[in-house]
Amino acid sequence: MPRTPYIAANWKMHKTVAEAAEFVDALLPKIAATQSDVVICPPFTALSAVVERRYGTAVKVAAQNMHDADSGAFTGEVSAPMLVELDVEAVVLGHSERRRHFGETDEALARKVPAALAAGLEPILCVGESEEARDAEQTEAVLERQLVADLTDVDGAAVGGVVIAYEPIWAIGTGRTATPDQAQEACAFIRDVLRERSAPADEVRILYGGSVKPANAAELLGRPDIDGALVGGAGLDPAEFAEIVKAAG
Ligand code: PGA
């Protein structure tokens, strides 16, 4: 079974409710024919507006973070059941901006990934190396360490329900995309690590993220182990994002 392409727009801290609604209304007619999974990741405040507009379409909605507990004294946090109640289907976990600016740890991710799965949310788990790590030829060591730590409490079969996003930190928001060869090599390595953990590695969607644009999407998505894209900047514009969705077929 070929893997269905998975194209996600991570809006980060962009778009009000009104802007989110405008984006979705502009995007939907442009991607009506797609066979891919198209996912929009708005800020919490715009989740409902996007969910309501995409009913009856193939578009899925993901949050950008969640807490691992169902409820509790965690000011400022949002839980998996709260997202599920809104009809959100997925959640981005471990984005490098959360790791870097908000102290997201592998220990927290080891709790969040199984909590998301238990609640019925599809985790989009982000991993990726810094520029220093790549220069020191530590890319594979970093990826393996993150994957093993973050998936420690997810048994092999359940890993089939996780989407992995390979996002080299040096390529995020920099305009400096990994070459298709670099991205393919890292995604193939990630698949090997999953296979070693007895996961159904051939079913897992592995995305590339980091300065994906309409101009480079087709070449990246044409590589055998790159099953989709996690798009930041170009995912804020409906025309650009639609081009990337079309590049996936
Ligand atoms: P970018 O962001 O496409 O703007 O580089 C990617 C991401 O952070 O997911």
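Order of listing sets the numbers, starting from 1, for every ligand and every atom in it. Numbering of residues begins at 1 and proceeds along the displayed sequence. Quick caveat: nothing in here was measured; it's all calculated off a predicted structure.
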Peer 1: Test of understanding: given a 4.0 Å heavy-atom threshold, classify the contact between Ala234 and ligand 1 as side chain, backbone, both, or neither.
Peer 2: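 Neither part.
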Peer 1: Using a 4.0 Å heavy-atom cut-off, which part of Ile172 comes near ligand 1: side chain, backbone, both, or neither?
Peer 2: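 Both backbone and side chain of Ile172 come within 4.0 Å of ligand 1.
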Peer 1: In terms of residue, atom name and distance, what is the protein heavy atom nearest to atom 3 (O) of ligand 1?
Peer 2: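 I find the closest protein heavy atom is Gly232 N, 2.9 Å.
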Peer 1: Just which atoms of ligand 1 are under 4.0 Å from any heavy atom in Ala171?
Peer 2: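 Every atom of ligand 1 under 4.0 Å from some heavy atom of Ala171: 5 (O).
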Peer 1: Within a 6.0 Å radius of atom CD on Glu185, are there more than 12 heavy atoms belonging to other residues, nucleotides or ligands?
Peer 2: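 No, CD of Glu185 has 12 or fewer neighbouring heavy atoms, counting only those of other groups under 6.0 Å.
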Peer 1: Between ligand 1 and Thr174, is the shortest N or O to N or O distance under 3.5 Å?
Peer 2: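 No; the residue has no nitrogen or oxygen that sits under 3.5 Å from a nitrogen or oxygen of the ligand.
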Peer 1: Quick one: does Gly235 get a heavy atom under 4.0 Å from ligand 1?
Peer 2: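 Per 4.0 Å heavy-atom rule, Gly235 does not contact ligand 1.
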Peer 1: Mark the output for Lys213 as yes if a heavy-atom distance to ligand 1 is under 4.0 Å, and as no if none is.
Peer 2: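 Lys213: no contact with ligand 1 (<4.0 Å).
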Peer 1: Do Glu132 and Trp170 have side-chain N/O donor and acceptor atoms under 3.5 Å apart?
Peer 2: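 Side chains of Glu132 and Trp170: no pair found under 3.5 Å.
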Peer 1: Please check this pair: side chain of Ser198 against backbone of Ala157, looking for a donor-acceptor N/O pair closer than 3.5 Å.
Peer 2: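 Flag not set: sc Ser198 to bb Ala157 has no pair under 3.5 Å.
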Peer 1: Looking only at heavy atoms of Gly209, does any of them come nearer than 4.0 Å to an atom of ligand 1?
Peer 2: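 Outside the 4.0 Å threshold, so no.
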Peer 1: How close do Gly249 and Thr34 get, counting heavy atoms only, and between which atoms?
Peer 2: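 Gly249 and Thr34 have their closest heavy atoms at O-OG1, 3.4 Å.
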Peer 1: For Gly210, counting its heavy atoms only, list the atoms of ligand 1 lying under 4.0 Å from any of them.
Peer 2: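 Going through ligand 1 atom by atom, the ones under 4.0 Å from Gly210 are 5 (O).
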Peer 1: Would you indicate whether the side-chain heavy atoms of Asp106 and Gln146 approach each other to under 4.5 Å?
Peer 2: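 Side-chain contact under 4.5 Å: yes.
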Peer 1: Counting both backbone and side chain atoms, is some N or O of Gly173 under 3.5 Å from an N or O of ligand 1?
Peer 2: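 Yes: some nitrogen or oxygen of Gly173 is under 3.5 Å from one in ligand 1.
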Peer 1: Any atoms of ligand 1 less than 4.0 Å from a non-hydrogen atom of Asn10? List them with their elements.
Peer 2: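 Answer, ordered by atom number: 9 (O).
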Peer 1: Thinking salt bridges, do Asp181 and Arg223 make one under a 4.0 Å N-O criterion?
Peer 2: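 Salt bridge present between Asp181 and Arg223.
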Peer 1: In ligand 1, which numbered atoms sit nearer than 4.0 Å to a non-hydrogen atom of Ser211?
Peer 2: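 Listed by number with element, the hits are 1 (P), 3 (O), 5 (O).
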Peer 1: As a quick check of understanding, evaluate side chain to side chain contact (heavy atoms under 4.5 Å, CB included) for Asp37 and Tyr6, giving each step before the final call.
Peer 2: CA-CA 5 Å; Asp37 285 345; Tyr6 194 103; 3.8 Å; yes
Peer 1: Give me the nearest non-hydrogen protein atom to atom 9 (O) of ligand 1 as residue plus atom name, then the distance to 0.1 Å.
Peer 2: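 Protein heavy atom with the smallest distance to atom 9 (O) of ligand 1: Glu167 OE2, 2.7 Å.
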Peer 1: In terms of atom number and element, which parts of ligand 1 are under 4.0 angstrom from non-hydrogen atoms of His95?
Peer 2: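 Selected atoms, number and element: 7 (C), 8 (O), 9 (O).
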Peer 1: Specify the protein heavy atom at minimum distance from atom 4 (O) of ligand 1: its residue, its atom name, and the distance to 0.1 Å.
Peer 2: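 Residue, atom and distance for the closest contact: Gly233 N, 2.8 Å.
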Peer 1: Please check if atom CD in Gln182 has more than 12 non-hydrogen atoms from other residues, nucleotides or ligands closer than 6.0 Å.
Peer 2: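 Result for CD/Gln182: enclosed.
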Peer 1: Charged N to carboxylate O below 4.0 Å: is that the case for Arg99 and Glu167?
Peer 2: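 No, Arg99 and Glu167 are not salt-bridged.
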Peer 1: Of all heavy-atom pairs between Ala20 and Trp11, which one has the smallest distance, and what is that distance?
Peer 2: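 Closest heavy-atom pair between Ala20 and Trp11: CB-CZ3, 3.5 Å.
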